[in-house]
Amino acid sequence: GAQPPIELLRQLLDHGFWYDFTDTSRMDIQDVLFISAMGPPGGGRNAVTSRMLRHVSVVSITEFDDETMTRIFSMIVSHAFKSGHFPMDIQGMTNSIVNATMHVYKSAIASLLPTPTKSHYTFNLRDFARVINGVLLITGPRAGDKNKVCRLWSHEVLRVFGDRLVDDQDREWLFDLLKTTTKEVFKMGHDTVFAPLTGGSGKLEVSHMTGLMFGDYLEPDADVKLYDEVSDIDKFAEVVKFALEEYNNVNKSPMDLVIFRYVLEHLSRIARVLKQDGGHAMCVGVGGSGRQSVTRLATFMADYEVFQPEISKQYGNDEWKEDIKSVMRKAGGQNRPTVFLLSDSQIKEESMLEDIDALLNSGEIANIFAPDEKAEVCEMVNKDASKANPGVDLNMQQLYAFFVSRCRDNLHIVLAFSPIGSAFRNRLRMFPSLVNCCTIDWFQPWPAEALELVAQTFIADIEMEEAERKAVVTTCQYFDISCRKISQEFADDLHRKTYITPTSYLELVKAFKGLLGKKRDDIMKVKSQYTVGLEKLDFAASQVADMQVELEELQPKLAQAQVDNAAMMVQINKESEEAAVIEANVSKDEAFVSEKAAVANQEKAECEELLAEAVPALEAALSALNTLKKPDIDVVKSMKAPPSGVKLVMAAVCVMKGVAPEKVADASGKKVPDYWGPSKKLLGDLKFLDSLRTYDKDNIPPKVMKVIRDTYISDEDFQPDKVAKASSAAEGLCKWVRAMEVYDRVAKV
């Protein structure tokens with residue numbers, strides 16, 4: 001119904017061609033006929049322009065009149081009652097059930113009109129059919145009497161028409177309509193029909209109708225779960241608690257749910273939707289009302305699979321399409337009942353709702369599967385389709401139609417929406433299938449009973465008096481209810497709506513629990529400190545008493561100690577005189593030691609002067625070594641006939657490093673020691689210079705230093721300035737040898 005696509009269609013009808021988006025080339029379309037369907041404007045549908053309508057022949061299809069609708073649905077109900085072997089008196093209620101549904105349907109259309117705050121108050125034949133299909137969920141053996149069937153019909157009307165109502169005035173109107181219809185159409189008294197809800201006494205109120213529940217969940221272990229009336233709420237609660245415990249045991253994300261009447265009501269409503277083939281639900285409520293948790297639990301109890309997309313920053317249209325394909329493969333290809341749970345916070349783009357709209361309407365999304373993927377899903381259903389159509393050779397189109405039909409039956413879409421803001425109204429207006437194809441469950445604010453039970457559950461583990469516990473629960477309950485009243489008064493006066501959500505109530509209870517625990521911890525800490533202080537005071541008092549007794553016992557010993565002390569003082573005086581003589585002798589020794597210390601200090605000063613002379617020489621030698629590079633060493637190594645100064649320096653280095661000379665013959669043929677051969681090997685060592693820098697100068701063998709002093713230091717040619725004329729590298733090595741000799745001489749003093 002949007003204008004741009006209609007204009008594209010009109011262009012084709014006017015001119016016979018379109019333009020290709022890629023290169024704007026003209027594409028002529030031939031031999032194509034258009035057949036379209038549209039509804040009257042309103043409810044999200046736009047009017048189609050006359051420029052488009054002039055190209056088509058319009059055939060109007062009027063709505064079915066009451067007689068036609070009654071006949072169609074009467075035949076459906078009659079056939080179901082006969083084939084289900086219902087009792088004859090119930091089979092006779094066929095016309096009453098259809099006429100009563102017709103009366104409620106027409107009255108709802110006339111009285112429950114859509115408004116901006118009630119945009120979902122739109123009804124169509126699908127709602128009529130949902131009531132009839134709900135009645136037919138029960139089997140003949142469980143149908144009971146006429147009163148039970150009338151309660152079943154009332155239950156289905158409440159689920160289809162009543163669960164979407166948003167205020168008490170509309171619910172009162174529907175309640176009065178049910179009582180009137182029961183009396184006028186079924187010819188039965190409502191007090192008699194609904195006696196099980198009131199306990200057989202008292203007047204029937206609208207609040208009693210919340211206890212009217214039908215479902216197939218009371219016998220979870222049965223092979224075939226039968227739809228029947230819930231007559232024992234306590235038993236239903238036990239079944240749900242057991243299912244919740246099992247759910248938490250098998251799931252990685254357990255749910256912390258409190259099971260009370262409110263939860264049971266909505267759980268029963270969602271379970272009813274899931275039991276029907278192609279049943280979809282839209283749960284509308286503020287945050288924290290339990291829409292998603294109840295849906296997951298109902299899905300688990302029905303033994304269905306639940307799928308919810310995981311939305312992330314990178315989640316886009318491609319990931320959304322893959323998730324849709326995955327769900328369709330499970331529901332249609334693997335024939336597994338699947339619940340697709342989607343909340344409004346997960347809708348990143350409105351185009352996602354277009355796909356949901358298509359799934360709700362037809363069970364498929366056009367062209368979502370590529371040709372190879374389509375062949376794959378057709379192969380998945382080929383075996384089952386052949387069993388369902390024996391003797392028929394099915395083509396690709398028929399197999400895919402079978403796949404779509406199974407998707408339509410097995411896929412249940414549950415939408416969790418919030419009524420806050422304009423997004424909810426806009427989405428219902430733009431995508432009418434959200435209302436037309438879904439059973440709406442409007443989550444009302446928690447009743448006082450629910451508030452009380454939730455608070456009791458959350459503070460059950462807190463140690464307090466029962467009267468205090470009751471007062472805390474009542475106070476929390478009062479806060480929530482009074483805030484709702486104030487919020488409504490604020491909305492009435494200023495037309496600004498504020499929402500008091502269940503999440504706010506839970507945060508209130510948790511805040512109280514946390515603050516109470518903190519304050520108790522603080523008090524216990526102070527108490528502990530006070531108790532410890534008292535214990536220490538008691539301990540100190542006991543210690544003082546023990547010491548007093550011990551002191552009294554020690555009095556005789558103290559007197560004896562005084563006598564012993566006097567005798568000891570006499571002995572000390574005698575020893576003091578002897579110590580004075582010894583002190584005089586020590587003074588003489590001290591003078592002698594002082595004289596020797598002065599001599600030692602003088603020698604120390606002389607050594608420090610010599611060391612001050614040696615250290616700069618040593619540092620200069622190390623600096624000279626640092627200036628040497630490998631090329632300088634290579635030059636010395638490569639000398640064929642080295643000068644005498646170079647040979648002299650290298651011989652001294654070999655002696656310092658403990659390298660033995662070679663025995664070579666001189667001119668006369670006599671064997672003499674020669675260091676040049678070992679010197680070249682020493683120079684070839686890559687770590688030669690590092691070994692000189694790290695030389696152990698504090699532990700030079702005296703034998704080595706004797707040779708150095710006698711042979712080299714005394715040699716006039718063993719001077720750095722003379723050696724420098726032959727080689728700069730030899731100069732640095734000469735400085736190093738002389739510095740080592742000076743350092744050793746000073747260190748040995």
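No hydrogens, no waters, no symmetry mates; every other heavy atom, side chains included, goes into these values. Here, residue 1 is the first one in the sequence, and each next residue gets the next number.
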Going by distance alone, is a donor N or O of one side chain under 3.5 Å from an acceptor N or O of the other, for [X] and [Y]?
| X | Y | result |
| --- | --- | --- |
| Q276 | R130 | no |
| Y217 | S268 | yes |
| Q314 | E319 | no |
| S504 | T501 | yes |
| Q346 | Q308 | yes |
| E245 | N249 | no |
| S433 | D357 | yes |

Near [X] [atom1], under 6.0 Å, is it more than 12 heavy atoms from other residues, nucleotides or ligands?
| X | atom1 | value |
| --- | --- | --- |
| Y247 | OH | yes |
| D303 | CG | no |
| M464 | CE | yes |
| E310 | CD | no |
| K497 | NZ | yes |
| F490 | CZ | yes |
| Q529 | CD | yes |
| E219 | CD | no |

For the backbone of [Y] and the side chain of [X], can you confirm whether one donor and one acceptor N or O come within less than 3.5 Å of each other?
| X | Y | value |
| --- | --- | --- |
| R171 | V206 | no |
| S293 | G290 | no |
| Q444 | L165 | yes |

Salt bridge flag under 4.0 Å for residues [X] and [Y]:
| X | Y | value |
| --- | --- | --- |
| K321 | D355 | yes |
| E229 | R142 | no |
| K118 | D170 | yes |
| E350 | R427 | yes |
| K325 | E322 | yes |
| K513 | D461 | yes |
| D522 | K518 | yes |
| E265 | R261 | yes |

H208 vs F194, ring-ring contact (aromatic ring centres under 6.0 Å, His included): CA-CA, chis, key distance, verdict: CA-CA 9 Å; H208 291 138; F194 299 106; over 10 Å; no
When rounded to the nearest 0.5 angstrom, what is the spacing between [atom1] in [X] and [atom2] in [Y]?
| X | Y | atom1 | atom2 | answer |
| --- | --- | --- | --- | --- |
| N565 | I572 | CG | CD1 | 7.5 Å |
| D277 | N410 | CG | CG | 7.5 Å |
| E452 | D480 | CD | CG | 13.0 Å |

Any chance you could lay out the side-chain contact (heavy atoms from CB on, under 4.5 Å) test for L341 and Q292, step after step, and finish with the verdict? CA-CA 8 Å; L341 177 59; Q292 299 186 53; 4.1 Å; yes
Taking the inter-plane angle between the rings of Y315 and W320 on a 0 to 90° scale, is it parallel (under 30°), tilted (30 to 60°) or perpendicular (over 60°)? perpendicular
Using the six-membered ring wherever Trp is involved, compare the ring planes of Y262 and F260 and label them parallel, tilted or perpendicular (cut-offs 30° and 60°). parallel
How far apart are the C-alpha atoms of H412 and F340, what are their side-chain angles, what is the distance that settles it, and do they pass the ring-ring contact (aromatic ring centres under 6.0 Å, His included) test? CA-CA 6 Å; H412 304 274; F340 185 35; over 10 Å; no
Audit row: V166, H120, side-chain contact (heavy atoms from CB on, under 4.5 Å) steps and yes/no: CA-CA 10 Å; V166 300; H120 58 289; 3.6 Å; yes
Salt bridge (Lys or Arg N to Asp or Glu O under 4.0 Å) partner of E156, chosen from R269, R272, R151: R272
Step by step, would you call F458 with F512 a ring-ring contact (aromatic ring centres under 6.0 Å, His included)? CA-CA 10 Å; F458 272 87; F512 166 77; over 10 Å; no
Would T338 and Y304 count as a side-chain contact (heavy atoms from CB on, under 4.5 Å) if you check the C-alpha gap in whole Å, the side-chain angles of each, and the deciding distance to 0.1 Å? CA-CA 6 Å; T338 304; Y304 290 0; over 6 Å; no
